[in-house]
Every structure is written in C-alpha cells, then in structure tokens.
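Written out below as structure tokens is the structure these notes cover.
Just so we're on the same page: letters track the sequence lines, and every chain starts at 1. As the structure is a prediction and not an experimental result, all values here were calculated from the model.
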Amino acid sequence: MTATPHIPQPPSTAVPVTPAASATPVTPSAPGPAAAPDPTGGALHEPVITWFDEHARDLPWRRPEAGPWGVMVSEFMLQQTPVNRVLPVYEQWVARWPRPADLAKEPPGEAVRAWGRLGYPRRALRLHGAAVAITERHGGDVPTDHAQLLALPGIGEYTAAAVASFAYGQRHAVLDTNVRRVLARAVTGVQYPPNATTAAERRLARALLPDDERTASRWAAASMELGALVCTAKNETCHRCPIAAQCAWRLAGKPAHDGPARRGQTYAGTDRQVRGKLLAVLREAVAPVPQAVLDRVWDEPVQRARALDGLVSDGLVEPLPGGLYRLPLT
DNA sequence: AAGACGTGGCT
DNA sequence: TAGCCAAGTCT
C-alpha cells in the first residue's frame, strides 16, 4: 500500500491549464474567497496522493490479490454501506465465490442469503446478475471497458468508473459522495455538494483528472480516501488535511451550508422496514416459509401484503403453491 | 427527476 | 431522542 516510491512530480506537468478548467471552477453564487482557487489539479494531486501513500487503509479489495472481481464485489457492497460493515461479508463472499462463474452457477437466492444484513438486498440480486452476464458475455472475466461495465446490472456511472480505475488502472473521473464533498470544499468553497450530481461537478472532476493513467487512478483512490477519513461530512479534521492551506471553503471561513437541507429518509413504519423484516425471516429459513410465519413480522395486513408483493415482483422472493415463500431459486 | 430502496452506528 | 450519515442504482 505504501510501497510506492515517492517520486514527486512537477505539479505543473500533472494537469495543464485548460480553458474548460478555468472557465467553471467556482459556482458563481458560491460564497467563496475573492480570489478563485487554482482550477487545475496541479496543486491538489501531489499532496493528496502523497498523503494517501502514508495514510491509506489496508483494505482487502485494495490488495493485488483481490483482482477485478474482488474490486467489483467490494464496490457493490460499498454502495451506501459503511466499510466496517462490508469487511466481514466481503471476506466470506470472495472466499465462497472467487470468480464470477462461481457465483453465476448458484441460485440468486444464495446471493441474497449471503448478503446478510448489508441492506439494499437488490444489490445482491444485481451482483448475481452481473456475474451471470460476465460469464455469458465476457468469458468469465470482469470487462475492462467502461461501457461494458456500465451495461451490467447494478453498475452505474460511479461503479463503472471505480472498477475501471481501481481494478484496471484506467483514467476516469470517479465521482462518489466523498470526492464530491472534497471538490465542493477544496475547489468550489462550499460545505456540501448539491443533492444530485450536476453537470458542473462532472466537468470539474474531468478537468481535475491527471493526464496519465497511473496518476489519475491514484488520484481517484486518494481523493476518495481523503473524503472518507479527513474531509468527512461532519466533524472534518482540517488539521490532518494535506490541502488545508489551499482549501477554498476553509479559506472562506468555512461558511455553513445555505441551501435546502438534505431530505432525511424516514424508515420506521415504511414499506422498506417491512420488506426488511420479511426478508430477514426468509434469509434464516432453510425450507420454504408458510405465509402464516411471515404474517407475524408486521401486524398491518395491507402494508404487509404490499411489501411481500413488492419483494416478489423485485425477484427477491419466490412464491410457491400452497402459500409458501422462499428466496429465489431462479 | 424525485423517490424508493436496508441497516446500524453515532451524536 | 430523532435525525443524520455511509464508495449508488434504477425507474
């Protein structure tokens, strides 16, 4: 992880000044500093990558032996789920299914069962579907091409870029919530990025991308790690930040977010909670479960039925004759 | 394009 | 405590 020889590069050669970059570095209405920050990545890449070399966590999917499949599995699991909760499930998963073809030949319900309590179990179904597609269309190897990755179930813009970058060292803008926050603060000068990813953010991320593949993929991992460990959503620790001295938000006095508060997602009493309870029963069961057993997880019959129907139509639950239910075999 | 979609830890 | 937050995707 930290074995890479430290070869400082002339910052000016990392990313040339481009018209596109200097055209849109700062949101016009942003309460940033009077002087626009350096719109190029030159001043950011070197310190952030050097910091990463020293402070990166030793995560299993970052080790060489993880391979593209390990990277891909980790990316699915990390979608909206914290690292600490992913770690044990990831280890079990790759030990049991070391290659896409190993997972592809299992019933989808086994993927859902092995997903455990990571949440958003449709991800398990999609990862299984991706393994099937990889086995059928790509000879069992995780595709290297961004467009082919994007075509797989459960892989969107972020995950396609992440797999291409982390597994294959390609040059892509990897724009996750961590990177968005780092750029919002360091470059744009605001506390939080917009609720939904904007074209301006993508433009900025592309403008900041180092020219060569090797540096670009390290920058992707490093900027993400900085957001995860230092430039966090709350209680950021600027004294540990390698680019604190040039952070537009900090230089502006760390003004509080002004826009609309992020929509809080209520959970108690929702269909999601009911679905979770139903699926928990089915995950633990070794045999098909009678409707009467499922009925015990929620007392309101209309919502309970709606939740179960939803699970069935999502393919997470398979109904059998006689009012029995189980995780899907097909 | 706003909302659905799990789960658990932290403040 | 109640809300916020965590490497998004899909419709």
Side-chain angles (χ1 to χ4, degrees), chain A residues 52 56-57 59-62 66 70-90 112 115-127 129-130 149-167 172-182 191-199 201 205 217 220-229 231-236 257 260-283 297 303 306-307 309-311 313-317:
Chain A
F52 183 68
R57 292 166 292 180
L59 300 170
W61 45 85
R62 287 179 176 163
V71 171
M72 184 171 147
V73 169
S74 76
E75 289 302 336
F76 270 75
M77 293 182 172
L78 289 164
Q79 291 168 1
Q80 302 285 280
T81 302
V83 166
N84 288 331
R85 231 167 344 127
V86 164
L87 282 169
V89 183
Y90 170 85
V112 174
W115 199 251
R117 306 187 65 80
L118 286 183
Y120 292 145
R122 289 191 290 195
R123 291 180 293 166
L125 226 42
R126 290 170 183 155
L127 181 50
L149 287 165
L150 199 52
L152 297 172
I155 295 193
E157 187 55 46
Y158 160 76
T159 303
V163 172
S165 181
F166 302 154
H172 292 281
V174 180
L175 202 51
D176 79 324
T177 187
N178 290 306
V179 176
R180 293 180 63 216
R181 188 172 53 248
V182 168
Q191 186 177 22
Y192 295 121
N195 282 328
T197 305
T198 63
E201 288 183 274
S217 62
S223 54
M224 193 175 308
E225 188 79 336
L226 186 63
L229 298 184
C231 192
T232 48
K234 329 187 65 169
N235 303 99
E236 69 280 357
H257 183 65
R262 207 153 28 163
R263 277 185 45 72
Q265 23 164 234
T266 54
Y267 180 66
T270 62
D271 286 6
R272 292 161 76 176
Q273 184 181 24
V274 184
R275 288 166 56 106
K277 286 178 175 295
L278 290 169
L279 210 53
V281 171
L282 293 167
R283 271 199 311 265
V297 310
Q303 186 177 29
R306 186 172 64 232
D309 281 353
L311 289 170
S313 57
D314 285 348
L316 283 163
V317 171

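Annotation for A:Gly154 and A:Arg126: closest pair CA-CD, 3.7 Å, computed over non-hydrogen atoms. Nearest heavy-atom pair across A:Arg181 and A:Ala233 is NE-N, 3.4 Å.
Considering only the side chain of A:Asp271, B:dC5 comes nearest among B:dC5, C:dC5, C:dA7. Distances were taken from every side-chain heavy atom of A:Lys234 (C-beta onward) to each of C:dA7, C:dC5, C:dC10; the shortest belongs to C:dC5. When the nucleotides B:dA4, C:dA6, C:dA7 are ranked by their closest atom to the side chain of A:Tyr158, C:dA7 comes out on top. The side chain of A:Arg275 approaches B:dC5 more closely than any other nucleotide in the set B:dT7, C:dG8, B:dC5. For A:Arg117, whose side chain is taken as the heavy atoms from C-beta onward, the closest listed nucleotide among C:dA7, B:dG6, B:dG8 is B:dG8. You'll find that the side chain of A:Asp176 is closest to C:dA7, out of B:dC5, C:dA7, C:dC10.
Side-chain N/O atoms of A:Thr177 and base N/O atoms of C:dG8 include no donor-acceptor pair closer than 3.5 Å.
The interatomic distance linking A:Glu157 (CD) with C:dG8 (P) rounds to 14 Å, in whole Å. Here the C1' atom of nucleotide B:dT7 and the OH atom of A:Tyr267 are 6 Å apart, to the nearest Å. When the C1' atom of B:dC10 is taken as reference, atom CG of A:Asn235 falls 10 Å away, rounded to whole Å. Distance A:Leu78 CG to C:dA6 P: 13 Å, rounded to the nearest Å. Atom CG of A:Leu175 and atom P of C:dT9 are 11 Å apart (whole Å).
The distance from atom OG1 of A:Thr198 to atom CG of A:Asn195, rounded to the nearest 0.5 Å, is 11.0 Å.
Counting only residues at least two apart or on different chains, the side chain to side chain donor-acceptor pair (under 3.5 Å) pairs with a member in residues 274-283 of chain A are A:Arg275-A:Asp314.
Rounded to whole Å, the C1' atom of B:dA1 lies 16 Å from the corresponding atom of C:dG8. If you take atom P in C:dA7 and the same atom in B:dG3, they sit 23 Å apart, rounded to whole Å.
Note on A:Arg85: every side-chain N or O is 4.0 Å or more away from OP1 and OP2 of B:dG9. Regarding contacts with the backbone of C:dG8, a side-chain N or O of A:Gln80 is found under 4.0 angstrom from either OP1 or OP2.
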